[in-house]
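Here the structure comes first, spelled out in structure tokens, and everything after it is commentary.
Just so we're clear, the structure is a prediction, and the values are computed from it rather than from any experiment. The chain is numbered in sequence order, starting from 1.
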Amino acid sequence: MRIGIYNHQHLRGGCPVCSQTYVKGMIADGMKCMNRAKGIYGEDNEFVNYTDLGDYPSDNLERPGFKRMMTDVAADNLDVIVVITLDKITTDIDLLLETYKTIRKHNIELITANDGKKAMEILDKALIKWGKN
């Protein structure tokens, strides 16, 4: 399987120590995502990291790492996407649901390190509830 790990840290400038803290957090989140994926799908997988560290507001999906990941989604180059939490994609529910629909259209699973596959159940119910499926 080819598993993408997406991580977004909204860094608004700041001091060098702050930047180091964000980078350390990204590394820790990435490892948690990878470990969760290994627990669900096993050890024998290819992992691809997509990261965005910078001044990218949550509702801005024009982030380089995110765009690269979505290009791989469109090309059917992934089987699973793992994020630490869904808000790493976006806090805008409409954008999140549209992104999820695109991901699922390509038969790709979206899981979170914190909730595993339950994230898909929640998003599937939200799509039905709000008539966006």
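Looking at residues two or more places apart in sequence or on another chain, you find a side-chain hydrogen bond (donor to acceptor under 3.5 Å, both in side chains) between Asp124 and Tyr100. Annotation: side-chain hydrogen bond (donor to acceptor under 3.5 Å, both in side chains) contacts of Asp87 (sequence neighbours excluded): Thr85. Residues that satisfy the side-chain hydrogen bond (donor to acceptor under 3.5 Å, both in side chains) test with Thr91, not counting sequence neighbours, are Ser58. Asn60 meets the side-chain hydrogen bond (donor to acceptor under 3.5 Å, both in side chains) test with no other residue; sequence neighbours excluded.
Under the 4.5 Å side-chain contact rule for hydrophobic residues, Ile122 and Ile89 do not share a cluster.
Identified under the salt bridge (charged side-chain N to carboxylate O under 4.0 Å, His left out) test for residues 108-117, with sequence neighbours left out: Glu109-Lys117. For residues 35-45, every residue pair satisfying the salt bridge (charged side-chain N to carboxylate O under 4.0 Å, His left out) rule, not counting sequence neighbours, is listed here: Lys38-Glu43. Applying the ring-ring contact (aromatic ring centres under 6.0 Å, His included) definition to pairs two or more places apart or across chains, those involving residues 65-84 are Tyr6-Phe66.
Contact check for Ile93 versus Leu97: side-chain heavy atoms found under the 4.5 Å cut-off. Side-chain contact between Met69 and Asp52 is absent, with no heavy-atom pair separated by less than 4.5 Å.
We find that Glu98 and Lys101 are joined by a salt bridge, their nearest charged nitrogen and carboxylate oxygen being less than 4.0 Å apart.
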Which side-chain N or O atoms in residues 70-84 pair as donor and acceptor under 3.5 Å with protein atoms at least two apart or in another chain?
| from | atom 1 | to | atom 2 | distance (Å) |
| --- | --- | --- | --- | --- |
| Thr71 | OG1 | Lys67 | O | 2.9 |
| Asp72 | OD2 | Tyr50 | OH | 2.5 |
| Asp76 | OD1 | His106 | ND1 | 2.8 |
| Asp79 | OD2 | Arg2 | N | 2.7 |

